[in-house]
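Letters A, B, ... mirror the listed sequences (proteins, then strands); counts begin at 1.
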2 protein chains.
Amino acid sequence: MAEQAEGFRRSREARRNALTDDYVEMIADLIATDGEARSVDIACRFGVTQATVAKTILRLKREGLVAAERYGALHLTDSGKAKAADARARHQVVVAFLKRIGVSPDIAERDAEGIEHHVSEETLAAFARLSG
Amino acid sequence: MAEQAEGFRRSREARRNALTDDYVEMIADLIATDGEARSVDIACRFGVTQATVAKTILRLKREGLVAAERYGALHLTDSGKAKAADARARHQVVVAFLKRIGVSPDIAERDAEGIEHHVSEETLAAFARLSG
DNA sequence: TTGAAATGTTAGCTATGGCTAAGTCGAAGA
DNA sequence: TCTTCGACTTAGCCATAGCTAACATTTCAA
Ligand SMILES: [Mn+2]
Ligand SMILES: [Mn+2]
Ligand SMILES: [Mn+2]
Ligand SMILES: [Mn+2]
């Protein structure tokens, strides 16, 4: 009973943290590929408006994951970088695993975008082991 | 670009529908095991308050998935039943697959609770194929 | 150099999903 | 029967995540 509730609690928790992880991962990605992360590119890649990005970035700053001066590019704090690295690693493992079991690359990428937020260490280890 | 945005759109969509699926699945489960679904039991199993359940049930009624008279037990409409059956099937496949690749039963159950909402037909088919 | 376009910010709206507190109803026991 | 206790509802709070519209700043090209 309490055990089942615990499972749902974790699931809700993961859902709450999913967007945060996607943002820090995206910011790290943009910095890696474009040299810097701008709100407009985040908005474009996520398919939301710049206003939505602005509001979320405010929260991430409040949470100490992102730093930026007004009208400037976005940076990750140390804890932001750590979270991004973790998110990226998970993403890679999940995508590689899905492809490995025969899911087509584009579908693997799409599904991984959601699945990555709900994979425990144990499951992630199983995925990694089985994909190489 | 637009393709990546599409992936995130789907992921957000799945996130929005996750709670709905969990509710109809839970209601079907309770009807199957207890003979009827009561709000108090849903609240207990999800680990939330009855007030939270009441508000969500209002939405599900509005969406035509759940029916009930005041102070009465909850019922699923035909479309609610269809959605519940689908959710249950996904849940089973994901749990079975995770166990099959060596994830311990309790962790498999927990992870599946989140993963089930992000698995495309193609990935679900791959899971099913590989676990039996 | 200056004005237009791109980018970023802010205000304010909606809907959702949590919560507590307070009230209402109904069924079971004294 | 009557009371009481468990179950349900409702009101109202907060935070998040989306949106549009309006405004501010920066950048770029003429
Ligand atoms: Mn993701
Ligand atoms: Mn990702
Ligand atoms: Mn679930
Ligand atoms: Mn489920």
Side-chain angles (χ1 to χ4, degrees), chain A residues 1 5-24 26-27 30 34-75 113-114 117, chain B residues 1 5-27 30-31 34-75 113-114 117:
Chain A
M1 315 274 149
E6 190 52 31
F8 284 106
R9 256 180 235 283
R10 280 172 188 265
S11 186
R12 286 197 300 273
E13 172 89 0
R15 212 150 60 216
R16 275 192 307 131
N17 293 142
L19 196 68
T20 297
D21 290 345
D22 284 344
Y23 266 74
V24 294
M26 177 66 79
I27 291 170
L30 286 169
D34 297 4
E36 64 174 17
R38 306 294 317 200
S39 293
V40 66
D41 298 313
I42 295 175
C44 175
R45 296 235 213 154
F46 281 149
V48 299
T49 64
Q50 283 191 50
T52 295
V53 171
K55 196 186 282 192
T56 301
I57 293 296
L58 278 185
R59 174 170 67 78
L60 298 180
K61 285 181 184 170
R62 227 172 44 225
E63 293 173 357
L65 298 169
V66 167
E69 55 240 53
R70 269 176 84 91
Y71 300 101
L74 304 172
H75 302 280
E113 203 49 73
H117 308 289
Chain B
M1 311 273 151
E6 189 52 31
F8 284 107
R9 256 180 236 282
R10 281 172 188 265
S11 186
R12 285 198 301 274
E13 172 88 0
R15 212 151 60 217
R16 274 192 308 131
N17 293 143
L19 197 67
T20 297
D21 290 344
D22 284 343
Y23 265 76
V24 294
E25 189 187 349
M26 177 65 80
I27 291 170
L30 286 170
I31 290 174
D34 298 5
E36 64 175 16
R38 308 293 318 201
S39 293
V40 65
D41 298 314
I42 295 175
C44 176
R45 296 234 213 156
F46 280 150
V48 298
T49 64
Q50 282 192 48
T52 295
V53 171
K55 196 187 284 191
T56 301
I57 293 296
L58 277 185
R59 175 171 66 78
L60 298 181
K61 285 181 184 170
R62 228 172 44 224
E63 293 173 357
L65 297 169
V66 167
E69 54 239 54
R70 271 177 83 90
Y71 300 101
L74 305 172
H75 302 279
E113 203 49 74
H117 308 289

Q. So, are R10(A) and E13(A) salt-bridged, with charged N and O less than 4.0 Å apart?
A. no

Q. Pick the nucleotide of DNA chain D nearest each of R15(A) and A51(A); which residue has the one closer to the 5' end?
A. R15(A)

Q) When the distance from CZ of R9(B) to P of dA17(D) is rounded to whole Å, what number comes out? A) 17 Å

Q. Can you check whether T49(B) has a side-chain N or O nearer than 4.0 Å to OP1 or OP2 of dC19(C)?
A. yes

Q. Taking CG from N17(B) and P from dT16(C), how many angstroms apart are they, rounded to a whole number?
A. 12 Å

Q | Heavy-atom side-chain contact between F8(A) and M26(B) under 4.5 Å | A | yes

Q | Atom-pair distance (CG on L58(A); P on dG18(D)), nearest Å | A | 14 Å

Q) Between dG18(D) and R12(B), is there an OP1 or OP2 to side-chain N/O distance shorter than 4.0 Å? A) yes

Q) Does R38(A) put a side-chain nitrogen or oxygen below 4.0 Å from OP1 or OP2 of dG8(C)? A) yes

Q) Side chains of V40(A) and Q50(A): does their closest heavy-atom pair fall under 4.5 Å? A) yes

Q: Give a yes/no answer on whether the side chain of Q50(B) brings an N or O atom under 4.0 Å of OP1 or OP2 in dA7(D).
A: no

Q) Does the side chain of R70(A) get closer than 4.0 angstrom to OP1 or OP2 of dT9(C) through an N or O atom? A) no

Q) Hey, is the side chain of R62(A) poking within less than 4.0 Å of OP1 or OP2 on dT16(D), counting only N and O atoms? A) yes

(Q) Given dA7(D), dG18(C), dG18(D), identify the nucleotide with an atom nearest to the side chain of V40(B). (A) dA7(D)

Q. Taking for each residue the nucleotide of DNA chain C bearing the nearest heavy atom, is the 5' side occupied by Y71(B) or by T52(B)?
A. T52(B)

Q) What integer distance in Å separates I42(A):CD1 from dT7(C):P? A) 13 Å

Q: Locate the shortest heavy-atom distance separating G47(A) from R9(B); write the atom from each residue and the value.
A: O-NH1, 3.4 Å

**Q.** Nearest-angstrom distance from the residue atom CD of E69(B) to P of dT24(C)
**A.** 21 Å

Q: Nearest whole angstrom, please: distance from the C1' of dA7(D) to the CG of L30(B).
A: 15 Å

Q: Look only at the side chain of T56(B) and the backbone of T52(B), and say whether a donor-acceptor pair between them is shorter than 3.5 Å.
A: yes

**Q.** Value in whole Å for how far the P atom of dG18(D) lies from CG of D22(A)
**A.** 10 Å

Q | Whole-Å distance separating the CZ atom of R59(A) from the P atom of dA15(D) | A | 13 Å

Q.
If you assign each of G72(A) and K55(B) to its closest nucleotide in DNA chain C, which residue comes earlier from the 5' end?
A. G72(A)

